[in-house]
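This report refers to the structure that appears directly beneath it.
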2 protein chains.
Amino acid sequence: MTVTVAADERLIRIGEVARGAGVSVRAVRYYEQQGLLIAERSPSGQRLYRQDAIPLVRFFQQMFAAGLTSRRISELLPCWDSGHTDAEQRAMLRAERERLQSKIDDLQAALDHLDEVIAITDTHP
Amino acid sequence: MTVTVAADERLIRIGEVARGAGVSVRAVRYYEQQGLLIAERSPSGQRLYRQDAIPLVRFFQQMFAAGLTSRRISELLPCWDSGHTDAEQRAMLRAERERLQSKIDDLQAALDHLDEVIAITDTHP
DNA sequence: CTTGCCTCTGACGCCAGCGTCAGGTTTTAG
DNA sequence: CTAAAACCTGACGCTGGCGTCAGAGGCAAG
């Protein structure tokens with residue numbers, strides 16, 4: 001008979017989350033305001049997070065870099081928060097995937113273009 | 001003895017540039033304001049462009065998508081306008097290339113992450 | 001001439017993701 | 001105990017690439 005050990009329940013405050021994820025404290029508060037990140041509160045009102053808030057914030061950054069808005073992200077959060085996803089959400093996921101893929105293609109084209117320019121200016125000073 | 005024929009000197013107006021490049025008229029005016037695009041003027045004050053303004057505007061769009069600001073682009077324009085480039089400009093070109101490359105890498109990582117999520121939500125409805 | 005489309009110059013608006021300042025409470029280190 | 005560091009809630013500011021409205025002039029066609 002084993003006891004259910006809640007795997008490290010130590011809660012951390014906002015500064016630690018921010019440093020851990022490499023963003024500002026202001027940014028973390030903003031994410032909460034946008035409904036991306038829910039925090040418990042200490043009796044005195046300070047935000048308390050679980051450690052997995054750090055990779056979550058990193059994930060947000062990744063999605064922002066991918067051009068998703070906080071609204072979009074919040075709409076898609078249930079997809080990995082809970083296990084259940086409806087057809088609409090999966091369609092949104094795929095749509096965002098397509099957008100991202102074509103964006104990468106565009107950037108690759110821009111990179112190629114830039115490389116051409118570099119090659120010319122190097123061999124042709 | 002041949003005569004130097006200025007290869008199709010027909011000038012076009014701003015609307016044609018905009019339609020040709022797939023941007024708004026307002027955008028083209030904005031590029032001029034930012035020093036990206038210089039236009040001649042008709043006696044009545046209308047902007048007149050050469051045809052190569054169209055691929056140029058497309059190029060701007062590509063660079064914007066790559067995250068370059070109009071200021072950066074204007075600083076780098078001499079690199080392919082004239083043939084001459086100094087060491088500083090080539091360094092800037094390379095720096096932007098690096099930024100762009102790492103940005104593409106980030107986006108690729110985001111795409112991979114998104115694909116994971118899609119795989120999970122598909123096999124695990 | 002006039003109709004209708006194109007162009008012009010300002011100048012304000014917008015959006016997203018924060019930065020930043022103000023003014024106050026809480027936690028921690030010595 | 002006290003000072004410093006960290007946290008809190010507003011609320012305004014900023015940036016960039018345009019959108020958009022206002023009011024006025026230019027230009028080919030019928």
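Lettering follows sequence order; numbering is per chain, from 1. Treat the numbers as computed from the prediction; the structure is a model and nothing was measured. Computed over heavy atoms, backbone and side chain alike; hydrogens, waters and symmetry mates excluded.
Between A:L11 atom CG and D:dA6 atom P there is a gap of 19 Å when expressed in whole angstrom units. Regarding A:Y30, its OH atom lies at a distance of 17 Å from the P atom of D:dA11, rounded to whole Å. The CZ atom of A:R29 sits 14 Å away from the P atom of C:dT20 (whole-angstrom rounding). Atom CD of B:E16 and atom P of C:dC6 are 12 Å apart (whole Å). Following rounding to the nearest Å, B:I14 (CD1) and D:dC18 (C1') show an atom-to-atom distance of 13 Å. Between A:L68 atom CG and C:dC15 atom P the separation is 19 Å, expressed in whole Å. Between the P atom of C:dA16 and the CZ atom of A:R26 lies a distance of 14 Å, rounded to the nearest Å. The OH-P distance, from A:Y31 to C:dA16, rounds to 15 Å in whole Å.
Contact annotation: A:S24 side-chain N/O to C:dG19 OP1/OP2 distance is under 4.0 Å.
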Discussion item. How would you summarise protein contacts on nucleotides 21-30 of chain C per nucleotide, using B for base, S for sugar-phosphate only and - for none, with heavy-atom distances below 4.0 Å?
Written reply: -----SS---
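One finds a salt bridge joining B:R72 and B:E75 here, because a Lys/Arg side-chain nitrogen approaches an Asp/Glu carboxylate oxygen to under 4.0 Å. Between A:E96 and A:R99 there is a salt bridge, with a side-chain nitrogen of the basic residue lying less than 4.0 Å from a carboxylate oxygen of the acidic one. Between A:D115 and B:R94 there is no salt bridge, since none of the side-chain N atoms of the basic residue sits less than 4.0 Å from a carboxylate O of the acidic one.
Each of A:G45 and B:S70 has a nearest nucleotide on DNA chain D; the 5'-most of these lies closest to A:G45.
For the pair A:Y31/A:L56, no side-chain contact is recorded, criterion being any heavy-atom separation below 4.5 Å from C-beta on. Between A:Y49 and A:E32, some side-chain heavy-atom pair lies under the 4.5 Å cut-off.
Note on A:R41: only backbone sugar-phosphate atoms sit closer than 4.0 angstrom, heavy atoms only; bases stay farther off. The residue A:Q61 sits close only to the backbone: its heavy atoms come under 4.0 Å of sugar-phosphate atoms, none of a base.
Between the side chains of B:Q46 and B:R13, a donor-acceptor pair is found at a separation under 3.5 Å.
Ring-plane geometry between A:F59 and B:H113 is classed as tilted, the angle between the planes lying from 30 to 60 degrees on a 0 to 90 degree scale.
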